[in-house]
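Quick note: residue numbers are just sequence positions, from 1.
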Amino acid sequence: MATKLKLYIGRKVLDSFHKTPSVTAMQLKSLLQVEPSKDENAPIELSMSLSTIENRFGIANVNKILKIQPDDIIQNIHSIKDRSNSRICFQVKNDIFMKEIVEHAYEPDLNNDKKKIVTEFSSPNVAKPFHVGHLRSTIIGNFISNLHAFMNNTVVRINYLGDWGTQFGLIKVGVDDLKHSNEDIKNDPLNLLYRSYVHANALAKNDPTILEKAKLEFSKLESGSQVEIDNWKTYMGYTIDELKSTYNRLGVKFDVYNYESMYGSKEVQNVLDVLHKRKILHKEADGKEVAKVNDRSVSVLKSDGSTLYLTRDIAAAIDRFKKYEFDQMYYIVDNGQSDHFNALTSILYQMDLPWVHRLKHIKFGRIRGMSTRKGNVVFLKDILDETRDLMVQRQITSPTTKVPVSDKHVSDILGISCVIINDLKQRRQRDYEFSWDRALQVQGDSGIKLQYTHCRLWNLEKNSGVVASSICLPELLIEPELVLLIRELSRFQDVLHRAEEQLEACILVSYLFQLCNHISKALKVVRVKDQDLTLASQRLFVFNSARHVLGQGMTILGLHPLKEM
């Protein structure tokens with residue numbers, strides 16, 4: 001994606017200095033952006049922000065850069081100075097630029113600075129409903145993981161299941177009282193464990209001994225009773241199997257399933273020893289132990305010595321750094337958990353751990369108003385089933401449906417595409433009101449639009465009777481719509497880098513909608529079928545490159561690109 005051109009310009013910039021700055025062409029490459037233009041006759045320029053090269057690399061004297069002589073690739077160099085974005089622009093030859101883009105548009109950018117990224121996302125609580133906050137975490141976390149993987153970083157995806165605390169004693173009480181067998185739970189784990197929890201809570205309202213029984217059951221787990229632990233591990237195994245089935249429908253895969261129970265009292269003893277040794281923990285009158293975080297006291301241990309969510313997160317962060325030595329670890333959790341992550345990083349800083357700055361809380365807003373026809377959403381499966389069923393209805397009424405409506409697999413993919421895009425086109429930290437009609441709209445900017453455009457491009461190749469070229473001949477690609485489409489393709493890597501810097505999926509979503517508009521305009525006026533074979537193969541090459549970029553962008557967002565719908 002213009003990588004070779006960017007490296008070439010980067011080297012020319014470095015050569016313009018008698019004394020080479022402590023910067024490489026690879027580093028300069030990432031600063032070069034393709035200048036957008038709606039005019040197909042406008043010169044093609046790659047620009048570099050003057051403030052960025054000065055602040056990041058200390059290159060203040062741009063006059064030397066402006067003296068670079070034009071050659072076979074660079075036609076002109078000039079600077080633009082305005083209040084918002086002073087920059088230096090390199091005009092490159094159109095034919096060289098177009099050839100580079102059409103032939104390499106969808107390839108990942110070179111990355112000599114590979115990082116190890118750990119993402120923790122989704123992370124439902126076993127005893128509670130999989131609410132829409134977990135859905136947003138799943139969708140956003142999957143996007144961030146996919147984006148880093150595409151950029152050739154090493155990514156470890158962790159689903160950290162909430163399976164610990166007194167409520168899990170309540171589950172055991174409920175399971176026993178309802179007489180659920182091991183086989184019953186195996187067949188329907190999420191539902192039965194949740195029902196058991198609700199049932200035990202209902203019993204506790206009229207019988208105060210129920211809560212004491214629950215605490216006793218949990219204390220057996222916390223103290224390491226092997227029978228109880230084995231039992232609980234069996235339940236968790238069933239739970240993960242069911243979760244995996246549902247995640248597969250979303251196209252989400254995790255490298256690791258972790259549990260809070262991995263960090264019970266015994267497992268975190270070393271961490272507690274350090275906290276005590278450094279006098280970070282202070283015992284209060286009621287027996288609980290707290291740490292000071294920004295002039296407030298935060299509980300780390302209960303009065304009975306059992307751990308809290310924060311205790312386990314401290315231990316988990318330390319454990320993960322030992323295992324993965326990550327460059328960044330992202331916690332994809334809603335805005336409401338800001339205080340928790342402030343406390344977590346503050347305590348880790350007090351422990352003098354040098355990698356704490358690598359932890360980042362990726363916040364997101366809440367969805368309001370999402371429910372199914374059956375009532376409030378309980379499990380992720382309910383959301384996906386509702387989406388699929390509504391999409392089947394839309395397909396029945398659509399005159400353009402090309403696959404059998406009985407093919408629920410396609411309906412599932414279309415519905416899930418709509419829910420994902422409806423979420424990711426929002427700014428990440430904003431709350432928004434959910435509407436099934438808006439999410440599943442056939443017209444306008446939606447998941448349907450992306451899938452439909454991708455299918456049109458597949459059908460173009462299938463029905464054209466033409467074999468696409470693999471070598472671009474720019475002199476044949478003269479139609480204004482094709483030229484503008486190629487310019488739009490050139491922005492793909494720039495968009496990905498901006499999305500990665502801000503961890504904002506809406507940047508990529510907005511780009512893909514614009515790309516679809518350019519594809520649609522080009523398809524209306526640029527024919528492939530029944531044309532001169534050389535010309536047709538060149539045009540199809542451009543459309544195939546557009547399909548690859550669109551498909552790659554959709555995949556990064558978490559969609560499964562369809563060939564027919």
Side-chain angles (χ1 to χ4, degrees), residues 106 122 130 132 134-136 138-143 145-147 149-150 157 242-254 370 372-373 377 379-425 434-462 505 508-509 512-513 515-516 519 546-565:
Y106 52 90
S122 194
F130 189 111
V132 289
H134 294 123
L135 175 64
R136 285 211 83 186
T138 305
I139 290 171
I140 295 168
N142 193 44
F143 156 71
S145 302
N146 290 343
L147 177 61
F150 183 75
R157 306 161 192 243
E242 184 172 343
L243 281 172
K244 281 182 179 177
S245 174
T246 306
Y247 285 129
N248 282 340
R249 289 175 66 183
L250 271 173
V252 174
K253 286 185 169 53
F254 292 94
M370 190 180 215
T372 68
R373 288 171 294 183
V377 171
F379 299 115
L380 176 59
K381 183 176 179 293
D382 299 328
I383 302 170
L384 302 188
D385 287 349
E386 177 82 353
T387 307
R388 181 198 60 216
D389 295 343
L390 288 170
M391 186 50 61
V392 169
Q393 293 174 18
R394 297 287 168 95
Q395 285 180 283
I396 290 171
T397 58
S398 171
T400 61
T401 298
K402 288 185 170 61
V403 295
V405 176
S406 58
D407 185 352
K408 288 197 172 183
H409 177 64
V410 169
S411 303
D412 207 27
I413 290 172
L414 286 173
I416 287 167
S417 299
C418 288
V419 169
I420 290 174
I421 294 301
N422 183 66
D423 190 276
L424 293 183
K425 72 180 182 182
F434 183 84
S435 159
W436 283 111
D437 288 336
R438 280 199 303 272
L440 302 179
Q441 65 184 3
V442 177
Q443 304 299 323
D445 291 342
S446 68
I448 293 289
K449 178 176 184 172
L450 301 183
Q451 291 286 9
Y452 175 70
T453 306
H454 191 264
C455 290
R456 282 187 75 187
L457 292 171
W458 266 107
N459 286 327
L460 175 69
E461 181 170 31
K462 187 173 77 172
L508 177 56
V509 173
L512 293 183
F513 286 148
L515 178 61
C516 286
I519 291 168
R547 188 187 78 217
H548 286 309
V549 168
L550 175 58
Q552 198 66 261
M554 290 168 69
T555 301
I556 290 169
L557 292 171
L559 274 58
H560 175 77
L562 290 168
K563 296 182 180 180
E564 283 188 322
M565 59 180 278

Full working for side-chain contact (heavy atoms from CB on, under 4.5 Å) between Arg157 and Asn142: CA-CA 8 Å; Arg157 306 161 192 243; Asn142 193 44; 3.3 Å; yes
Stepwise side-chain contact (heavy atoms from CB on, under 4.5 Å) check, Ile139 with Phe143: CA-CA 6 Å; Ile139 290 171; Phe143 156 71; 5.9 Å; no
Aromatic ring pairing Phe254/Tyr247, orientation class (parallel under 30°, perpendicular over 60°, tilted between): perpendicular
Reported CG-to-CD1 distance for the pair Leu384 and Ile416, which is rounded to 0.5 angstrom: 5.0 Å
Which atom of Tyr106 lies closest to which atom of Gln552, heavy atoms considered: O-NE2, 4.1 Å
Verdict with reasoning, Arg547 to Glu461, per side-chain contact (heavy atoms from CB on, under 4.5 Å): CA-CA 10 Å; Arg547 188 187 78 217; Glu461 181 170 31; 2.9 Å; yes
Closest contact, heavy atoms only, Val549 versus Leu512: O-CD2, 4.5 Å
Interatomic spacing from CD1 in Ile519 to CG in Leu457 - rounded to 0.5 Å: 5.0 Å
NE2-CG distance between His560 and Leu414, expressed to the nearest 0.5 angstrom: 10.5 Å
Note, Leu562 side chain near Tyr452 side chain (heavy atom, < 4.5 Å): no
Phe434 side chain near Asn422 side chain, heavy-atom distance below 4.5 Å: yes
Side-chain heavy atoms of Ile140 within contact of Leu424, under 4.5 Å: yes
Audit row: Ile448, Met565, side-chain contact (heavy atoms from CB on, under 4.5 Å) steps and yes/no: CA-CA 9 Å; Ile448 293 289; Met565 59 180 278; 4.1 Å; yes
Heavy-atom check, side chain of Leu135 versus side chain of Val419, under 4.5 Å: yes
Heavy-atom pair of closest approach, residues Lys449 and Cys516: CE-CB, 3.9 Å
Within-4.5 Å side-chain heavy-atom neighbours: Leu390 and Gln393: yes
The single option from Ile413, Thr387, Asp412 passing side chain to side chain contact (heavy atoms under 4.5 Å, CB included) against Arg249: Asp412
Over all atoms of both residues, closest heavy-atom pair of Ser411 and Met391: O-CG, 3.6 Å
Close side-chain approach of Glu564 and Trp458, heavy atoms under 4.5 Å: no
Pairwise side-chain contact, Lys253 with Asn248, heavy-atom cut-off 4.5 Å (strictly under): yes
Which atom of Lys425 lies closest to which atom of Val509, heavy atoms considered: CB-CG1, 3.7 Å
Close side-chain approach of Gln451 to Ile421, heavy-atom, < 4.5 Å: no
Closest non-hydrogen atom pair between His134 and Ser122, with its separation: CD2-O, 3.1 Å
